[in-house]
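If you're wondering where the values come from, they're calculated on a predicted model, not measured in any experiment. To find a chain, count down the sequence lines: A is the first, B the second, and so on, and within it residues start at 1.
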Amino acid sequence: MHDFYGTTLANGFMLGTAQYPSPAILANAFKRSGASVATVSLRRESGQDRAGQDFWQLIKDLGVHILPNTAGCHSVKEAVTTAHMAREVFDTKWIKLEVIGEEDTLQPDVFGLVEAARILSEDGFQVFPYTTEDLVVADRLLHAGCEVLMPWGAPIGSGLGLNNIFGLRAMRAHFPDVPLVIDAGLGLPSQATAAIEMGFDAVLLNTAVAKAGDPAAMAEAFATAIKAGQLARAADPMEPRDMAAPSTPVIGKAFLV
Amino acid sequence: MKLQLNGASIDAQVTTLAELLVAEGFGGAKVATAVNGTFVPALARADQILNAGDAIEVLAPMQGG
């Protein structure tokens with residue numbers, strides 16, 4: 001169920017490491033989340049304070065899988081170069097591939113995304129593409145070598161949840177055997193539950209936890225919500241219907257008119 | 001010679017990228033490097049000759065979503 005490029009994850013919770021009030025709060029949030037994957041990035045380092053080195057030690061101590069991203073990249077070349085740098089620093093083939101196409105929504109440039117995914121897949125990367133719910137793009141990404149797809153729930157950092165339930169449900173139905181991760185846009189644990197109930201294998205989020213008043217508590221709330229979704233999915237939910245159906249037996253009811 | 005290091009102008013008396021990293025305080029650090037937009041693997045830094053005006057990027061692990 002949680003198999004990503006041959007790696008089986010303990011759960012479907014991927015958590016970002018940005019925007020926490022402090023490193024200690026970040027570490028505590030991860031501890032209470034039980035998340036199996038941490039997303040990280042690369043930024044310019046200073047030879048004086050070497051801040052990235054302390055962060056790297058903190059991340060290693062979390063004991064989770066590392067998923068580096070190409071956040072902020074707007075071109076294929078930029079994303080591919082960043083991916084190569086990330087592979088060397090983090091010593092992993094995994095790359096969360098982002099090629100941003102539009103600033104207001106941070107919507108992926110799906111044309112550049114497919115091209116970058118092809119280049120990186122051919123070079124041995126295991127690509128986790130941040131994409132939309134567009135089925136044609138998804139199919140192109142699979143043909144480019146991706147074995148995982150990560151459609152957005154809503155724009156990054158918006159907290160709007162699952163903007164296009166129909167599109168996401170169609171994606172799940174269309175690619176029943178492809179690991180699918182809802183990446184970005186979740187704001188509440190109930191939205192994570194809905195995604196997992198719908199059949200998504202995992203959720204990836206950051207802002208909803210990091211910007212909560214109590215990030216550690218929110219991390220645990222998301223973990224519980226994901227677990228609830230998994231239990232519900234496995235329990236084979238009833239089919240919804242338009243008309244009421246009495247749950248209390250009608251037979252044997254007294255005639256009291 | 002004049003170089004651009006992470007977007008800032010510096011004056012460095014070095015020949016290779018490996019020498020620059022040591023001179024600028026990155027010795028032993030977990031970093032990735034690029035010169036003029038092209039990735040330079042760690043094993044190639046000693047052979048990467050720098051020229052005046054080159055733009056060097058030195059990146060390290062950072063928070064990400």
For [X], is the [atom1] atom crowded, meaning more than 12 foreign heavy atoms sit under 6.0 Å from it?
{"X": "B/Leu43", "atom1": "CG", "value": "no"}
{"X": "A/Tyr5", "atom1": "OH", "value": "yes"}
{"X": "A/Asp91", "atom1": "CG", "value": "no"}

For residues [X] and [Y], report the shortest heavy-atom separation together with the two atoms involved.
{"X": "B/Gly64", "Y": "A/Ser41", "value": "CA-CB, 3.9 Å"}
{"X": "B/Pro61", "Y": "A/Trp56", "value": "CG-CB, 3.8 Å"}
{"X": "B/Gly65", "Y": "A/Ala18", "value": "N-CB, 4.3 Å"}

Hey, could you give me the [atom1]/[atom2] distance between [X] and [Y], rounded to the nearest 0.5 Å?
{"X": "B/Phe39", "Y": "A/Arg87", "atom1": "CZ", "atom2": "CZ", "result": "8.0 Å"}
{"X": "A/Arg50", "Y": "B/Lys30", "atom1": "CZ", "atom2": "NZ", "result": "13.0 Å"}
{"X": "B/Glu57", "Y": "A/Arg44", "atom1": "CD", "atom2": "CZ", "result": "4.0 Å"}
{"X": "A/Asn69", "Y": "B/Gln63", "atom1": "CG", "atom2": "CD", "result": "11.5 Å"}
{"X": "A/Glu45", "Y": "B/Leu21", "atom1": "CD", "atom2": "CG", "result": "11.0 Å"}

Problem - Region of A/Glu78 in contact with chain B, defined by heavy-atom distances below 4.5 Å - result: neither
Handout entry: Heavy-atom side-chain proximity of A/Met85 to B/Val31 below 4.5 angstrom
Key = no
Problem - A/Glu88/B/Arg45 salt bridge by N-O under 4.0 Å criterion - result: yes
Flag the one option from [options] with the top tally of heavy-atom pairs under 4.5 Å to chain B.
{"options": "A/Ala71, A/Ala38, A/Ser46, A/Pro68", "value": "A/Ser46"}
{"options": "A/Asp54, A/Thr207, A/Thr17", "value": "A/Thr17"}
{"options": "A/Ile156, A/Leu205, A/Leu26, A/Val89", "value": "A/Val89"}

Exercise for the section: Give, as side chain, backbone, both or neither, the part of B/Glu24 having an atom under 4.5 angstrom from any heavy atom of chain A. Expected result: backbone
Handout entry: Sidechain-backbone polar pair: A/Lys77 side chain, B/Gly37 backbone, donor-acceptor under 3.5 Å
Key = yes
